[in-house]
Every structure is written in structure tokens, then in C-alpha cells.
Amino acid sequence: MPDLHGKRIILGLTGGIACYKSAELLRRMQDEGATVDVVMTAAATGFITAATLQALSGRPVWEDAWDSRMDNRMAHINLSRGADAILIAPASTDFMAKLAHGLADDLLATLCVARGAVPLLAAPAMNHEMWIHPATQRNAAQLRADGVTLIGPAEGQQACGETGSGRMMEPDQILRALIAFFQPKVLAGRRVLLTAGPTSETIDPVRVLTNRSSGRMGYALARAAAEAGAQVTLVSGPTALDCPDQVTRIDARSARDMHAAVLPLAAQADIFIAVAAVADWGIRNPSARKLKKQPGAQPPQLDFVQNPDILAEVAALPQAPWCVGFAAETEDLHAHAQAKRQRKGIPVIVGNLAQHSMDATDTELIIFDARGTHPLPRQGKLQAARQLIGWIAGHLPETHAAPIG
Ligand code: C5P
């Protein structure tokens, strides 16, 4: 099911060149199953036409508080009733000032003041000097204090040619923030540490020994934990994936790098989820020079050394976080997973059959704990990650559930 299935969103556009991105945002919201009603300020119509947004949304576009298409001429009341959220993108300097002061001099501003309990999100978009102006900063702080969710702004090149903070977030980022907004905040205040991806053990400067892992499952879990309101740190082996929003990523190459990155962070975490496919062995003496192929000579002999078991070490810490391991097996999943859980001294291990999830976008997980097994359906990795995070939140013992203080 798409992430905004059944949601009715009011998309408010205010004056700014970033309005051109709002057409794409509207499409992406619809792709995720949302029904979108567009409301524009007069300034927004200087940048993009109502006809464009009407054609894309397939619904009337609203600009005027006195619109006679509403039987009672109360568009400012009717539109927000039954809406799941109002998203202002772009939110101009002027519109943020209006919102912060409760002004209601056009349809969109009035709608926001009259919205009752409907959540309000806003993606600021303006020149960087306008964004850092003390009045704008005061207004942004006031809006946050009033419970408005600000998305961005981003840093970078601006339409005026200057560079700085004030660009509107890209449509995909705004969409992800909106989707995250609707996820239940079951890990609010928790600190979650994860490992993800493969590790890479150096043989010589051009050759490595690695595991087959895309990192998708671990990254999906990091995203799901952040969506659930946790403070998330992801220690990642080499992958081609983008760091999820609101997640702090620390890069590691070898198993030893990963071990060195994880251990100092582990005692401060409430939950540790070890998803990385960590190499069991490193190379004892990696060559400083590229090993050369000699005609007729024997291939080089690699001398292995056992790597530290990061998960087992974290689980044995005096102030250990609640540990969740992963087990990818090719057969006898139940027996191997339960044995691994007990050997590593962890409360939970999540098993999957490697041939069903490796290199795939879908997965079929089984949660193993002391009580037995809890199978999850076959589904996309993000959906599986959200379900697993929900399960973890529901089973987290009181001792690990102390909020950040
Ligand atoms: O020991 P094995 O690799 O079978 O166990 C898999 C689980 O242990 C995964 O959660 C993996 O991230 C973690 N692990 C680890 N450090 C290792 C090996 C595995 O943290 N050296």
C-alpha cells in the first residue's frame, strides 16, 4: 500500500520561484496515494498557474476566500475539515511572518488559522539573507513552538545566483518528511544504534574481501527508526545508498573499523540493531603493494585472522543496549537463528533466508526471541523495517526505555 494511501492533503503555495517544484511534489504525493487540494496565494500565481496545478491534481484549485464554488462561500473552513494535513510548499518569508502572527488576510492564511487540530507543515523557501534575518528566525522559532513542522530549508545555490541556506527542500525530501510525519512515534526519545552493509577487508591496495550485502535492510531500519522518532546513528560499511533523513551516518570499511566505531557509542544507546554482514575473518598482513601475478608461480596464500564479534561484545557490556541481531542463513533457519541468539547472548534475532532476500527489494523476516518465533509477511524492505521497529518498540523492556533526559 502506498505510504499516503487514503490521506487528504492541502498543498498551499505561496510566492517564490520554488513554486515550480511544487508541481512535481504534487505528483509525487499522488503517486503515494494522497488526494491533494491545492490552495494558492496571489503571489504564488505569479510563479505557476492554477491551470497547471488543476490539471495535475484533477481537482479545483482555490485562491479566493470568497470563491462562489463553495455553496456556503466558506472555503477557509470547509477545505481543512477532514484534511489529514496542510503542507505549505513553498513557504515564503512573508507567509511565515503571517503564520507566526496569526494574520488571516487571504484564503490560505485564514485556512491555517481556522484549521483546528489539522497538522501544519511548511517548507521555507527564500533568499539566504531573508532566511537568516532575525525576524524570520524569530518567526521560525515561534512556528516550531506553535507545533508547526518546518521541513528545511536546504543549503546551496539559489535562483538569484547567491549561495546559502534558504532553498526549498527537493520534492522527494519534502515527500519523505511528510510520510515520516504520519508514522507512529513509537521510539520517540530513544537512541538507536545500527550497523549496516558489508565490511571490506584489505588484501592489497586494489583488492578486498567482502560480503554480499547491499545495505538496503539496515538503511530501511535506520529510516524506520528515525520515522518512529528515535535519535539514530548508523555505522555503515561501504554501500551505494544515500543516508536516510535525520540519521547520523559514520562510515567504516573493515570489521575492525566498524568495531572501533560502534563500541564507544553502544553504551549510550537504548537499542542496538546489528544488520551489517560483517566479515568473520580479516587478512593478517595485508600487502602494502599490489600483489603481482607471476607466470607459473603459485597464487598468494592469504593468512586469515578472526575479526571481533561486534554484536556479542556489545551484548556483554555492563550497560548493554537492548540488542537485535540478524541471521541470514541458507538452510535450517530456525535452528541456526535460535542457536546464534543464545550464543551471542542477545534477546532477539531476526532471521531470513539469504536466497530470498539477498539483492532483493523484498524480504521475509522471522523474529526469534525466548518465547519463540514471530513471522512477518513477505513485503518490501521498508515496510518490513517499519513492522520490525513497531515490534521492537512493543517489546522493549522498561530498563531500556528511559527517554533522553
Ligand atoms: O556470527 P554471525 O555473522 O553469524 O551473526 C550475524 C549477526 O551478528 C548479525 O547481526 C551481524 O551484524 C552480527 N555480527 C557482528 N560482528 C561480527 C559478525 C556478526 O556484529 N563479527
Side-chain angles (χ1 to χ4, degrees), residues 192-202 208-222 224-225 232-239 241 249-267 269 271-284 304-317 320-358 363 365-369 373-374 376 381 384-385 388-389 391-392:
V192 177
L193 176 65
L194 300 105
T195 62
T199 59
S200 167
E201 306 297 324
T202 301
V208 296
L209 198 70
T210 189
N211 282 337
R212 267 178 65 194
S213 166
S214 66
R216 281 196 207 111
M217 191 66 228
Y219 276 60
L221 272 161
V232 183
T233 305
L234 173 63
V235 178
S236 175
T239 74
L241 302 173
R249 183 173 72 188
I250 298 171
D251 291 326
R253 290 198 75 78
S254 68
R256 280 172 194 278
D257 291 344
M258 193 173 270
H259 176 263
V262 166
L263 264 288
L265 298 171
I271 302 168
F272 176 52
I273 312 179
V275 199
V278 185
D280 288 323
W281 305 284
I283 310 296
R284 189 181 299 279
F304 289 102
V305 59
Q306 181 112 350
N307 280 329
D309 189 317
I310 304 167
L311 177 54
E313 275 193 44
V314 170
L317 289 174
W322 204 59
C323 290
V324 178
F326 265 72
E329 303 291 342
T330 50
E331 66 276 305
D332 294 336
L333 178 61
H334 286 60
H336 286 313
Q338 283 293 26
K340 199 171 283 187
R341 187 179 71 76
Q342 282 158 10
R343 198 170 60 240
K344 291 185 187 254
I346 54 174
V348 183
I349 198 149
V350 182
N352 59 68
L353 285 171
Q355 57 273 36
H356 290 171
S357 61
M358 212 168 243
T363 189
L365 303 178
I366 304 179
I367 305 168
F368 299 87
D369 67 3
T373 60
H374 315 269
L376 303 184
K381 287 184 176 171
L388 182 55
I389 288 294
W391 189 93
I392 289 171

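Remember, it's 1-based here, ligands and their atoms both numbered in the order they're listed.
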Report summary line: CG of Leu311 to CD1 of Ile273, rounded to nearest 0.5 Å, is 11.0 Å

Report summary line: Across all chains, not counting sequence neighbours, the salt bridge (Lys or Arg N to Asp or Glu O under 4.0 Å) partners of Glu313 are none

Please table the atom pairs, donor to acceptor, closer than 3.5 Å between any side-chain atom in residues 333-349 and protein atoms at least two apart or in another chain.
from, atom 1, to, atom 2, distance (Å)
Gln338, OE1, Arg341, NE, 2.8
Gln338, NE2, Asp369, O, 3.3
Lys340, NZ, Glu329, OE2, 2.8
Arg341, NH1, Ile346, O, 3.4
Arg341, NH1, Pro347, O, 3.4
Lys344, NZ, Asp309, OD1, 3.2
Lys344, NZ, Asp309, OD2, 2.6

Query raised in the report: Going from NE2 on His374 to CG on Leu388, what distance comes out if it is rounded to the nearest 0.5 angstrom?
Result: 11.0 Å

Report summary line: Rounding to 0.5 Å, atoms CZ (Arg253) and CE (Met258) come to a distance of 11.0 Å

Pairs under 3.5 Å, N/O atoms on ligand 1 and on the protein: can you put them in a table with the distances?
from, atom 1, to, atom 2, distance (Å)
ligand 1, 1 (O), Lys344, NZ, 2.8
ligand 1, 4 (O), Lys340, NZ, 2.5
ligand 1, 5 (O), Lys344, NZ, 3.2
ligand 1, 8 (O), Lys344, NZ, 3.0
ligand 1, 10 (O), Ala274, O, 2.6
ligand 1, 10 (O), Phe326, N, 2.8
ligand 1, 10 (O), Phe326, O, 3.3
ligand 1, 12 (O), Ala274, O, 3.4
ligand 1, 12 (O), Ala276, O, 2.7
ligand 1, 16 (N), Ile310, N, 3.0
ligand 1, 20 (O), Leu311, N, 2.9
ligand 1, 21 (N), Pro308, O, 2.8

Report summary line: Residues at least two apart in sequence or cross-chain that pass salt bridge (Lys or Arg N to Asp or Glu O under 4.0 Å) with Arg249, listed by chain then number, are Asp251

